[in-house]
Amino acid sequence: MAFIKDTIEQLKFSSPAQSEFYQAVEDVLESIEPIIEERPKYREQAIIQRLVEPERQIMFRVPWVDDNGQVQVNKGYRVEFNSALGPYKGGLRFHPSVNAGIIKFLGFEQVFKNALTGLPIGGGKGGANFDPKGKSDAEIMRFCQSFMNELYRHIGPTTDVPAGDIGVGGREIGYLFGQYKRLVNRFDGVLTGKSTLWGGSFVRTQATGYGAVYFAQCLLDDNDDNISGKRCLVSGAGNVAIYAIEKLYQLGAKPVTCSDSGGTIYHEQGIDLDLLKQIKEENNGRLYEYLDTHSEAEYTPRDDYPKDGHCVWRYQADLALPCATQNELTEKDAQALLENGCRYIVEGANMPCTQSAVDLFIENNISYGPGKAANAGGVATSQLEMAQNASMQRWTFDEVDTKLQHIMRNIHRDAKRTAEEFNHPSNLVLGANIAGFRKVADAMIQQGVV
Ligand code: GLU
């Protein structure tokens, strides 16, 4: 339809060289076509043009001194995308690939994801092109402090509440929070993913991975199928992958792969979760170290991957959970999954499947859970952390986990019912996008032209 082409053309001109952002926008616009046709008020109120333009974008210099006394400079970002439903909410990503286009795609996705949770949170995202790999603890701390020296003036517990993403975990949140507190002299609930020692919520660490598996359970239920005994492919070895693997085991499934930027582990017996945690959480190590304990496992270095994709997706399985990063699962990978009989794909990462991979899943009627629905458990639990901070309460692990399970089931139901309403019963991309869009767009209309 013309409005999609026009919007993307305009974005290419006004925000050049942001391919991931155009991809995320196109994905949403294609899904919402039917509702745009149905309700003229969205056009009259220029909802699309307003939605694709962040309310505010902050870019800043992050200077810091490394352990050799050299001055380093990185680029910091916070994109405050949309506050129609609540304060801006979304993580910070520290990774060398970070640029304005990546942060904008993540922020845009976050708006709809957060809306889908049904909780009062708007969408934002931030980060820096800082590479935490190989940095000392002291360097990480100095970087986080410098980053916060600028960020603190833009955030607040009812304004904008950042959290973690790739490269930002409990340690970084601690350093960021410490510096924020020092600058403003207040113990605010201004970041989520905090340590449970000082204001963090139980289950936040596990929430994205657990939530993705709860979402997978909903897909299986829909097919009168059961997760127990299923062979699963998981990519990634960070927070999302580790806790997806943990939950898969708890439910009787068998995860056989994981990966990091260096390569992939395939372990026929099932991934040794304790070892994975030890390598990644305790030692900040590399995945090839897995072979020191399990020489029978298979390790494929990145250089040996098929040239058109990722080797994780070339193994046989029932369920695939991409939990690493954007565009990690290509059309060729999707073809391999289909040929190998994989029937369920659930995105733990943000936009891990390329557009043509998604098209293939939809064409073949595969049960596919898009990230903005399936990985919303992380941010949903962040909102539960905000609620606990604001009311000065502390809920138990089980209380939070039960709430998370409800939220994931509701997200699935909302996406499914919306897909049915628009006559594409098994297309959860369409269902999730329309369900999220409708909430944000209607809130924007009610709040006037702002
Ligand atoms: N970075 C996570 C996401 O992509 C979590 C954000 C948050 O907890 O605010 O949703």
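Residues: numbered from 1 along the sequence shown. Bear in mind the structure is a predicted one, so any value in this text is a computation, not a measurement. Counting convention: from 1, in listed order, for ligands and their atoms alike.
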Considering both backbone and side-chain atoms of N375, is one of its nitrogen or oxygen atoms within less than 3.5 Å of a nitrogen or oxygen in ligand 1? no

Indicate, as side chain, backbone, both or neither, the part of R93 found under 4.0 angstrom from ligand 1 when only non-hydrogen atoms are considered. neither

Considering heavy atoms of the protein only, find what lies nearest to atom 9 (O) of ligand 1 and give residue, atom and distance to 0.1 Å. K89 NZ, 2.7 Å

Please could you name the atoms of ligand 1 that R204 approaches to less than 4.0 Å, counting only its heavy atoms? 5 (C), 7 (C), 8 (O)

Which bit of T381 gets closer than 4.0 Å to ligand 1, counting heavy atoms only: side chain, backbone, both or neither? neither

Heavy-atom distance to atom 2 (C) of ligand 1: which of G378, A163, G164 wins? G164

Between D260 and K133, does any side-chain N to carboxylate O distance fall below 4.0 Å? no

A quick test of your reading: do over 12 heavy atoms of other residues, nucleotides or ligands sit less than 6.0 Å from CZ of R182? no

By the definition salt bridge (charged side-chain N to carboxylate O under 4.0 Å, His left out), identify the one residue from K89, R394, R204, K194 that meets it with E385. K194

Please identify which atoms of ligand 1 are closer than 4.0 Å to at least one heavy atom of N350. 4 (O)

Heavy atoms only, cut-off 4.0 Å: how does Q383 contact ligand 1, side chain, backbone, both, or neither? neither

Proximal atoms of ligand 1 relative to S382 (non-hydrogen, under 4.0 Å): 7 (C), 8 (O), 9 (O)

Above 12 or not: heavy atoms from other molecules or residues under 6.0 Å from NZ of K332? no

Counting only heavy atoms not in K75, do more than 12 sit closer than 6.0 Å to its NZ atom? no

Atom indices of ligand 1 within 4.0 angstrom of K113 heavy atoms, with elements: 3 (C), 4 (O), 10 (O)

